[in-house]
Structures are given as C-alpha cells and as structure tokens.
Chemist: 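Just dropping this structure here.
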Amino acid sequence: MTVESTAARKTTRRSSGTKRTASASTSTTKKTSTRAEADAVEPELVQLLTPEGERVQHPDYDIDLSAEELRGLYRDMVLTRRFDAEATSLQRQGELGLWASLLGQEAAQIGSGRALRDDDYVFPTYREHGVAWVRGVDPTNLLGMFRGVNHGGWDPSTNNFHLYTIVLGSQTLHATGYAMGIAKDGADSAVLAYFGDGASSQGDVNESFVFSAVYNAPVVFFCQNNQWAISEPTEKQTRVPLYQRARGFGFPGVRVDGNDVLACLAVTRSALERARRGEGPTLIEAFTYRMAAHTTSDDPTKYRRDEEREAWEAKDPIQRLKAYMENEGHADAAFFEELEAESEALGKQVREVVRAMPVPEHMAIFDHTYADGHALVDEERAEFAAYQASFANGEAE
Amino acid sequence: MAVQKLPLAKALNESLRKALETDPKVLIMGLDVGKLGGVFRITEGLQKDFGEDRVVDTPLAESGIVGTAIGLALRGYRPVVEIQFDGFVFPAYDQIVTQLAKIRARSLGTVKMPVVIRIPYGGGIGAVEHHSESPESLFAHVAGLKVVTPANSSDAYWMLQQAIQSDDPVIFFEPKRRYWDKGEVDTEAFPGELHKARVAREGTDLTLVAYGPMVKTCLEVAEAAAEEGKSIEVVDLRSISPLDFDTIQASVEKTRRLVVVHEAPVFFGSGAEIAARITERCFYHLEAPVLRVGGYHAPYPPARLEEEYLPGLDRVLDAVDRSLAY
Ligand SMILES: Cc1ncc(C[n+]2csc(CCOP(=O)(O)OP(=O)(O)O)c2C)c(N)n1
C-alpha cells in the first residue's frame, strides 16, 4: 500500500490537475473495489496542493490566497485537531460518554467551511467540529451532547449552524427545504449540507437530490467520503464513485482531494457561487480518510489494516499545508510557536469548561417539549416534582 | 442436557448460529454484521463461519434492508435483519408498517412473511440521542406484526429461534442493557410457547407485569418488598403482541393488585392496554386501580438524566405502596 501510494503521488506532482489523477482515488480504495473502479470512468480529483506541499494548478478551480489567509486556514486546522484530541482524551478520562473524532478530515471541513458567507446556512451531521469552528460556534457547545447533558443545546440561528443530526441523512432534506425557502425569498445566500459516504445510501439523501434538482435549490451537498461507515468500506455503498451520482439527478458532481484545504475551499466556493447565481445544487465528494476510530466505542482493528492508515498519514492535510507555507516563506517560526501556545490554551480551556459542565436539574426532562404547553406534561411534571420532594423530606426527617 | 451459563448477547449469537445451521434459507442482514460482528457483537464470528452470502453486510439504508428482506422472503428465504439501534428503525418504518405487516392479509393468506427484525432497545447504557428508545407500542399497534422481547439468556436463545421459525413477521426487541447479564441456557430443553407469559416469581399480595429490561428491575423490587413482608408476583410477558392476558388474569385473580412497568412512555403505551383489558376481565377482583410506571411524555433525556427518567427500584416500590394503600 505504501509503495503503491508513493508511486501514485509521483504521478500527480506538478500535474495539471486535469489529468486523471489516480492518487487518492485508486491507490487507496480497497482491492475489492477495483472491478467497479475499472468499469467506471476513472475519477478526476481536484487537487491544488500535493501531499508533499507543492502547489499545482487546475484550470477550473484556481485560487489565489494571501499569506495571511493561508496562515488562517492552517490555524483553523491545527486548533480543530487540538480540540478534537482534547475531546478524545476527555472521553478516555470518562468526562464524555462518546466522541466522534474528525482526525484526518480537517482540510475537508475547514476548506469547505471557509468558503461560506455569514448569511449561508450549514446543516452538519455529527462529526463537523471543524465546520462548527469556522462558523464561530463555541467548541465547548459541541460537547454537551457527547457528555450527556443535552441533545445539542445551541440555537442554530446564532451562527447559521444547525444542530448535529445523528439519524443519518435526515439533515440533507432539511438543507434542501431551507434552500428552497431562500429561493422563494429571492435571497442570494446558499446552504451547505454535510453527510458521509455511508449516509449516501439513505433514502433521504437520494430524495434530497431529487427535490433540490427539481426546485433548483441553492444547496451544496458536501459528502466527506472518509472511506468507511463504521466497518463498511465505501464499496458496500456504491459501485460508482459517489460524485458521479449527481449527474443522474441532473446536477454536477465533483470529486476533490479532501486532504487538500485549498482545493476544498476553491471547489466549495465555486459551488456556492453557482447556487447563488440560481444555477442549483452541486454534489462535492471530498475524498478523505477517517484516521481515528468511527467513534470512541468502535474498534477498527476488527475490520481494517494498519497499513491503510499509514498510507493516508502520508497525505496529512496539516503537514501538507505546513510544508507549502514553509517552502514559500508564508510563515516563520514565531507563527508556529505562537500557534502551539494557542493550541495548548484551547485544550486547557476545553478541559476546564467540560469538567465544570453542570448536569441539568431533574425537572429539565420536561422542558421545551412543547411551545404551547401540554396538560399531560404539566401533570407528569407535578407528579415528578412531588416524587423527588418525597426523597428530600425523607432525608430531612 | 446441555446447560451453559451465557450472557444474553452470547445466547443470541448461539441462537443465530443454530438457526443458520438448521435452515439453509436463514439469512442475517444488516449494518456491520460481518467482520465487526455488529456493534453489540451479536453476530460475532457468524460471517467467518457461514460466509458473506448468509451473513450479509448491507448498504447503510434501513428502508432498503427491510424492503429487500421482504423480497427475499417472497423468494423463500427467512431473513433476520439487524437494526443497529432503536432510533434508527424509522427509515424502515414505512416498509414495516405498510408492506411487511400487510402482505399476508392482502394475499388472502397465500404469502408467508418470515422476516425477523432484531432491534436492541431501551436505555440505561449512557448513550447519545436515538440510542435508548423503547418504541414497542408503535409496532404492537400494527396488525400483522408480532412483537416479542426476551428478558434473560434462556429466552434470548429460544425465542429468537422460534421467531425465525415463525411464518409471520416478528419484531424482536433485545434489552440492550441486559446484554451482558449472564443466565442459564439449556439448549436441549423443550422451549415454552413463544407468546406465553411466564410467572418469574410467585407472590400473593400484588402482581408486577413487565417485559424485557424491566423484568430484572421488578424481580429486584420483589426482593426488596419481601424484606418488608410483602409478597410480590412478577409476570414476564415475553410477548407484547400477541399478549397473554390469561396469565396476567390468573395472577391478578390471586393477588388482586396490578402494577405494570415498562421503560417506554406511559401515555398510549402497552401498560394502558394491559390496564384496560385487566380492568374488564378482573373488575370484581381488583382491590386497587391498575397502576403504571414508565417513561414520561418527553423526549428520551440526555444520558446524565436517564436514571431519573427510567423506572428504577424506588419508583416501582412507590407504585407498589400506592397500590397496597387502597
Ligand atoms: C439511520 C441511521 N442508521 C444507523 C445509524 C448508526 N450509525 C451511526 S454513524 C454510522 C456510520 C456512518 O458512516 P458515514 O455516513 O460514512 O459517516 P462517518 O461516520 O464515516 O463520518 C452508523 C451506521 C445512524 N446513526 N442512523
């Protein structure tokens, strides 16, 4: 695997990008998929930064970023990874019940997220911690549901970032409906909907493709193909590259190197602009890798080999941008040192906030179920209160 | 006699293995059921031993899983479908309710629908949203489906095989928080009928009716009550649809008091059905109204509040005291 991927990487060096770049697509998909891959047209992978950190050009998706902007993307990725690592260790220490790590998917999330305008709206699934970060959601807000103190707990309209959705694919329909509303209002904002390669099999996702195409809704579907849906590889979901599905629904699909933050930014920006112009939906497939376990409850040694992960480590999104910035002199040692300190401070803050997160008081079970009140809830709440009080009295006696 | 002490999860695994061995038409289908052995390891090792054609990893689409299981059943197979968690059965709910449940009746009884849908259900494991629900009433309400739930390893082993042998669709709810509890399994003893309730503990002062995860809780309640000199009978329903009212009736005629306990919300829950029927059947025997203990009319709460939400020893004992006070 490693040898194969090194060879593949060489072919993409300095390539125009319009070539059929085999790098991430064929070298890393598992052996069983070769038949399907061979049947299909070999997918094109938009890449602007090679795994070695060399800048390559692409005729459709070029992008020109200042040194400051590059440093910003890098900072986002580093801090997101630090946050994620802190959450993982908090889970191990028993402070969180569960954690779904984004390790390896930072470029896909930061690149796509940084393409958004403030008035755009995001529908995440449950792993979009990097997108939440760029939307300005306080990262500790994401931890309440994993700690078991709430089921989300933030107001989505504050940052135009919807609640995490655990039932796979449901949110893609909400995204489409929201986008239909934008179009009805004559506004020019757009919607970005996230889902995984596994979720692409759900009926809801396919129905969202139908609706968005029919109503020409300004929505961009961003599928992070991290190669696995718990233990199932992508070929258990599809026999054609996922981005090619869009065509059958009547809108364009594009596969982007999901470990290349520049390409993710450029491709998403272009799709969002297309949506704003009233030209309808786009499907982006970010070809990336889930470096960690599916969640902290999962045991990937049961179904995948270490070599696969090692091959992807060579494509690390953060190292790649760092190499580029260093080579081009876009950042100095002081920048990296300061960022290191900032990371540590973030980790410390997250740890402190999580540990101090209060368990909601008992009566919160009944809160917010209805806007208008409900006689049964009132009755049950009163019974529950009396029951709880009976203990307090008993203890006092 | 082959008696073994097995955790409930392992008993289910052995049961599936037996079913696969016995009948070549039995298939296992679902997410992650192959190499991983399912997220709760109920299908562990089965793909290795029976191959990918018998233990089938499916695309991530519940409606697809159940819908194709219906087609396979039409073709003579006996699919046993795994839904990963209770809250994820709903994408398949349409297929289950509008198709699976009705095909036999629509074909005037000519078509069999031997599909089993296994669903780990209930709370108490500290999980995130949609991983702790008890939707049994939603299925019991639908004619054409059978709904069963074992409470111990022996029933897990036998009831699952009986469900697979049934020509009707069976929704097989597994009490996930009891997966790791060990119990004796006699793999040769003649099993009781699938839809017959069981008196899990004899008593004379009051009947507790429960099923699935709450049976253990109710046995603990009976134990605690015994220390206070109260004699509690515990009935384990085993089957929710059909429901064995005769066994409950016989118990209530003896004890004259009934408390029904389940994790699912009380409102429109199975306890309501039991209370209504037993009131009809035992009106002159009852010394107290039938009481129910269960979940509230609120979304299943976050993990750190679930102990307040779930019926525990104290809440059930409280209902026992209220009933005895009449
Ligand atoms: C409808 C539904 N079925 C099953 C699950 C259980 N589940 C949670 S995550 C997951 C895998 C999802 O894979 P993918 O969509 O590729 O996203 P990833 O987790 O890899 O980011 C499964 C099966 C669920 N959350 N929702």
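Throughout, a chain's letter reflects where its sequence line sits, starting with A, and its residues are numbered from 1. On a predicted model such as this, the values are computed, not experimentally measured, just so you know.
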Chemist: Give, as side chain, backbone, both or neither, the part of Glu383(A) having an atom under 4.5 angstrom from any heavy atom of chain B.
Modeler: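 Nothing of Glu383(A), per the 4.5 Å heavy-atom cut-off to chain B.
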Chemist: A side-chain contact here means heavy atoms from C-beta on lying under 4.5 Å apart; do Lys35(B) and Ser231(A) qualify?
Modeler: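 Not in contact.
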Chemist: Where on Glu62(B) is there a heavy atom nearer than 4.5 Å to chain A: the side chain, the backbone, both, or neither?
Modeler: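 Both backbone and side chain of Glu62(B) come within 4.5 Å of chain A.
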Chemist: Would you say Glu232(A)'s side chain and Pro59(B)'s backbone share a donor-acceptor pair under 3.5 angstrom?
Modeler: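 Judged by distance alone, no pair lies under 3.5 Å.
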Chemist: Taking side chain as everything from C-beta outward and backbone as N, CA, C, O, which of these in Arg381(A) sits under 4.5 Å from a heavy atom of chain B? Side chain, backbone, both or neither.
Modeler: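 Neither; nothing under 4.5 Å.
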Chemist: Side chains of Pro299(B) and Thr369(A), heavy atoms from C-beta outward: is any pair under 4.5 Å?
Modeler: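 Yes, at least one pair of side-chain atoms sits under 4.5 Å.
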Chemist: With a 4.5 angstrom heavy-atom cut-off, which part of Asp318(B) approaches chain A: side chain, backbone, both or neither?
Modeler: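 Just the side chain, heavy atoms under 4.5 Å.
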Chemist: Are side-chain heavy atoms of Ile230(A) and Gln84(B) found at a separation under 4.5 Å?
Modeler: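 Sidechains of Gln84(B) and Ile230(A): in contact.
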Chemist: Side chain from CB out, backbone as N, CA, C, O: work out which of these in Phe88(B) comes under 4.5 Å of a heavy atom of chain A, or both, or neither.
Modeler: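 It is the side chain, since no backbone atom gets that close.
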Chemist: With heavy-atom distances below 4.5 Å as the criterion, would you say the side chains of Ile365(A) and Glu308(B) are in contact?
Modeler: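 Of all side-chain heavy-atom pairs linking Glu308(B) with Ile365(A), at least one is under 4.5 Å.
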Chemist: Go through the atoms of Tyr300(B) and report whether side chain, backbone, both or neither lie under 4.5 Å from a heavy atom of chain A.
Modeler: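 Contact with chain A: backbone only.
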Chemist: Does any part of the side chain of Pro360(A), heavy atoms only, come nearer than 4.5 Å to the side chain of Leu305(B), both counted from C-beta?
Modeler: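 Yes. Closest side-chain heavy atoms under 4.5 Å.
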Chemist: Glu129(B) and His151(A): side-chain donor and acceptor closer than 3.5 Å?
Modeler: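 Side chains of Glu129(B) and His151(A): no pair found under 3.5 Å.
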Chemist: Mind checking whether Asp299(A) and Arg41(B) have side chains closer than 4.5 Å, heavy atoms only?
Modeler: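 In short, these two side chains touch, coming nearer than 4.5 Å.
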Chemist: Before you tell me yes or no, could you show the steps for His131(B) and Ile166(A) under side-chain contact (heavy atoms from CB on, under 4.5 Å), namely the whole-Å CA-CA distance, both residues' side-chain angles and the distance that decides it to 0.1 Å?
Modeler: CA-CA 10 Å; His131(B) 290 69; Ile166(A) 287 184; 3.8 Å; yes
Chemist: So does Tyr370(A) have more than 12 non-hydrogen atoms from other groups sitting under 6.0 Å from OH?
Modeler: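 Above 12, so yes.
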Chemist: Between Pro91(B) and Gln202(A), is there a side-chain heavy-atom distance shorter than 4.5 Å?
Modeler: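 Yes, close enough: below the 4.5 Å cut-off.
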Chemist: What orientation do His374(A) and His297(B) show, parallel under 30°, tilted 30 to 60°, or perpendicular over 60°?
Modeler: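 Ring orientation, 0 to 90° scale: tilted.
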Chemist: Side chains of Asp314(B) and Tyr387(A): closer than 4.5 Å at any heavy-atom pair?
Modeler: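 The answer is yes; the side chains approach within 4.5 Å.
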